[in-house]
Protein chains: 2
Amino acid sequence: MPQQESPRDRRERDETGGGLHSRVLAELGPAIASGEHPPGTVLRIDELEARYGVSRTVVREAVRVLEAMHLVESRRRVGITVRRTEEWNVFDPAVIRWRLAGADRSRQLKSLTTLRTAVEPVAAGLAADAATPGQCRELTVLAAEMAAAGRAADLAAYLVHDIAFHRVVLEASGNEMFARLGDVVAEVLTGRTEHHVMFTAPDPEAVTLHVRVAEAVRARDAVAAESLMREICVGALRELDILAP
Amino acid sequence: MPQQESPRDRRERDETGGGLHSRVLAELGPAIASGEHPPGTVLRIDELEARYGVSRTVVREAVRVLEAMHLVESRRRVGITVRRTEEWNVFDPAVIRWRLAGADRSRQLKSLTTLRTAVEPVAAGLAADAATPGQCRELTVLAAEMAAAGRAADLAAYLVHDIAFHRVVLEASGNEMFARLGDVVAEVLTGRTEHHVMFTAPDPEAVTLHVRVAEAVRARDAVAAESLMREICVGALRELDILAP
DNA sequence: GCTCTTGAATAAGTACTACCAATGGGTGTT
DNA sequence: AACACCCATTGGTAGTACTTATTCAAGAGC
């Protein structure tokens with residue numbers, strides 16, 4: 001019987017997905033995003049060709065992708081220059097993941113969590129108006145499962161349901177842009193768990209808040225949903241300040 | 001004397017930037033993003049090769065970029081499939097621009113403006129704490145220039161200063177993610193002006209609000225900055241509802 | 001007779017190589 | 001300081017061989 005693939009596996013798969021060029025990307029991307037090749041560094045195609053043992057074509061495809069992410073700029077007679085950090089497409093989930101795996105993880109985590117503080121409360125408020133009955137039910141179930149995983153101190157299960165919860169809220173907002181931030185939130189939550197920038201056991205306070213958000217959305221109480229979600233986010237921000245000052 | 005290149009020119013340049021593959025991208029990207037090739041459509045490399053009169057390599061490089069944006073998925077034996085809209089990287093400035101040029105422009109504009117409503121007020125609040133004296137001065141100057149352009153009914157000048165104003169606020173917030181949303185806001189403002197989803201003359205009310213935001217930031221009054229910016233954004237949202245219901 | 005497995009045919013992307021074109025930074029000359 | 005030239009480096013094309021998913025048909029088993 002074929003084992004069900006986990007979200008993690010899925011992510012891994014379409015990251016290093018079969019293609020050779022993805023393999024190069026999966027090595028070169030993190031190397032740049034983590035500051036191993038600081039801005040201004042010049043890479044040359046032949047060099048990369050040799051380093052990764054692949055053909056020019058493959059390197060060029062990988063470079064094109066990095067170029068689209070504004071991580072590098074390729075110019076004739078010069079080579080492939082690493083761009084200034086401020087130019088990077090930091091909303092690209094791949095870039096987020098690469099940076100989260102790198103050195104200034106906690107700074108990164110903080111700016112992402114600040115973004116969550118701005119976006120998620122508004123999304124929760126909208127969700128209270130727009131969520132379908134199905135989504136309301138999902139939220140209730142997920143909050144309950146978070147509570148159960150919390151009691152069992154099962155971090156992995158907690159993470160899965162936490163991610164799912166926030167994703168449903170963002171989707172239920174009915175706003176496409178918010179919905180797409182589900183991936184970003186997922187990266188943040190996964191990142192802080194994987195890199196141990198989190199309490200060893202889930203915060204019972206946070207669990208309660210999630211349950212209450214689910215209730216508020218089901219009760220169509222937009223202001224409550226918004227302020228409860230704000231509490232969750234500032235809680236996450238505070239937690240970050242304690243654990244990674 | 002070499003003419004200073006406008007922001008518009010610069011954008012055009014690194015969009016269709018010299019490279020042949022960028023030319024393909026600049027045609028294929030919008031075609032997909034605007035729904036001309038709806039999700040599920042299958043393209044084949046040879047087909048694109050013929051359509052654009054370029055070599056295989058070039059097409060593949062373009063496809064790689066679209067793949068990184070999650071607009072398409074390339075699979076052996078099947079071809080290049082356009083992905084479901086929900087999978088697209090809608091935060092990529094290029095994707096935003098392409099969609100804004102397409103059919104459901106006003107829906108798109110609305111979801112982006114909702115995003116602004118969530119983010120910009122928070123950014124303004126942070127900016128009130130973190131803006132440098134230089135940034136405070138810039139904001140004051142830009143607000144004044146907006147007022148002047150408004151009085152002169154010079155839409156083009158108004159747009160430039162409006163974009164610059166919001167960009168400075170987002171940068172002054174000190175949060176990297178917010179700062180990068182400057183491009184998104186720029187696309188939105190440009191988009192609504194270019195596609196005439198805007199009053200023919202700038203709203204005097206809005207101008208006043210910008211001036212007051214600049215004052216609040218200079219006075220280090222975070223709550224005022226936040227609520228004033230919120231007024232600007234909900235104003236923009238309301239304006240959209242009136243002009244593109 | 002129906003379903004499930006097996007395997008061959010095939011179509012499409014994937015990867016490598018070799019070669020020429022274009023361009024722009026560096027250098028040296030006036 | 002202006003200009004012309006050179007050549008390193010990326011950009012683009014063509015052809016070829018490889019890999020793998022899908023499809024479909026034939027046969028085995030029920």
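Labels below follow one simple rule: chain letters A, B, ... track the order of the sequence lines, proteins then strands, and each chain is numbered from 1.
- Atom-to-atom, CG of B:Asp46 to C1' of C:dA11 comes out at 10 Å; the value is rounded to the nearest Å.
- Within residues 49-58 of chain B, the residues having any heavy atom closer than 4.0 Å to DNA chain C are, in order of number, B:Arg56.
- When the side-chain contact (heavy atoms from CB on, under 4.5 Å) test is applied to A:Arg51, the partners found at least two apart in sequence or on another chain are A:His37, A:Leu43, A:Glu47, A:Leu48.
- Residues A:Val90 and A:Val95 come closest through the heavy atom pair CA-CG1, 4.3 Å.
- Every residue meeting the side-chain hydrogen bond (donor to acceptor under 3.5 Å, both in side chains) condition with B:Thr132, not counting sequence neighbours, appears here in chain and number order: B:Gln135.
- The side-chain contact (heavy atoms from CB on, under 4.5 Å) check on A:Ala62 picks up A:Val24, A:Leu25, with sequence neighbours excluded.
- Atom CZ of A:Arg23 is separated from atom P of C:dT14 by 16 Å (rounded to the nearest Å).
- Using a 4.5 Å heavy-atom threshold, the side chains of B:Arg75 and B:Thr81 count as separate.
- Across all non-hydrogen atoms, the minimal contact from A:Ala118 to B:Val122 is CB-CG2, 3.7 Å.
- Note that the two end axes of the helix from C:dG1-D:dC30 to C:dT30-D:dA1 enclose an angle of 20°, each drawn from 5 base pairs, rounded to 10 degrees.
- Under the rule for a side-chain hydrogen bond (donor to acceptor under 3.5 Å, both in side chains), the partners of A:Asp183 that lie at least two apart in sequence or sit in another chain are A:Arg167, A:Arg180.
- C:dG13 atom C1' lies 14 Å from atom CD of B:Glu47, rounded to whole Å.
- Counting to the nearest Å, the P atom of C:dA11 and the CZ atom of B:Arg44 are 12 Å from each other.
- Residues satisfying the side-chain hydrogen bond (donor to acceptor under 3.5 Å, both in side chains) test with A:Gln108, not counting sequence neighbours, are A:Arg99.
- Look at CG on A:Leu20: it is 5 Å from P on C:dA15, rounded to the nearest Å.
- Per the geometry, CG belonging to A:Leu43 stands 13 Å off P belonging to D:dT9, to the nearest Å.
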**Request:** Check step by step if salt bridge (charged side-chain N to carboxylate O under 4.0 Å, His left out) holds for A:Glu61 and A:Arg64.
**Result:** CA-CA 5 Å; A:Glu61 283 173 14; A:Arg64 281 285 120 83; over 6 Å; no
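- Remark: nothing in residues 59-68 of chain B comes within less than 4.0 Å of DNA chain D through any heavy atom.
- Partners of B:Ala130 by side-chain contact (heavy atoms from CB on, under 4.5 Å), not counting sequence neighbours: none found.
- Here the P atom of nucleotide D:dA21 and the CD1 atom of B:Ile80 are 17 Å apart, to the nearest Å.
- One can place CG of B:Leu48 at 13 Å from C1' of C:dA12, the figure rounded to the nearest angstrom.
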Which protein N or O atoms sit under 3.5 Å from an N or O of nucleotides 23-27 of chain C?
{"unit_1": "C:dG24", "atom_1": "N2", "unit_2": "A:Arg77", "atom_2": "NH1", "d": "2.9"}
{"unit_1": "C:dG25", "atom_1": "OP1", "unit_2": "A:Arg75", "atom_2": "NH2", "d": "2.5"}
{"unit_1": "C:dG25", "atom_1": "N2", "unit_2": "A:Arg77", "atom_2": "NH1", "d": "3.3"}

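- Under the ring-ring contact (aromatic ring centres under 6.0 Å, His included) criterion, B:His166 pairs with B:His210, not counting sequence neighbours.
- Evaluation of the side-chain hydrogen bond (donor to acceptor under 3.5 Å, both in side chains) rule for A:Glu36 yields no partner, not counting sequence neighbours.
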**Request:** Apply salt bridge (charged side-chain N to carboxylate O under 4.0 Å, His left out) to A:Arg56 and A:Glu49, showing your working.
**Result:** CA-CA 6 Å; A:Arg56 228 165 105 92; A:Glu49 227 173 297; 5.2 Å; no
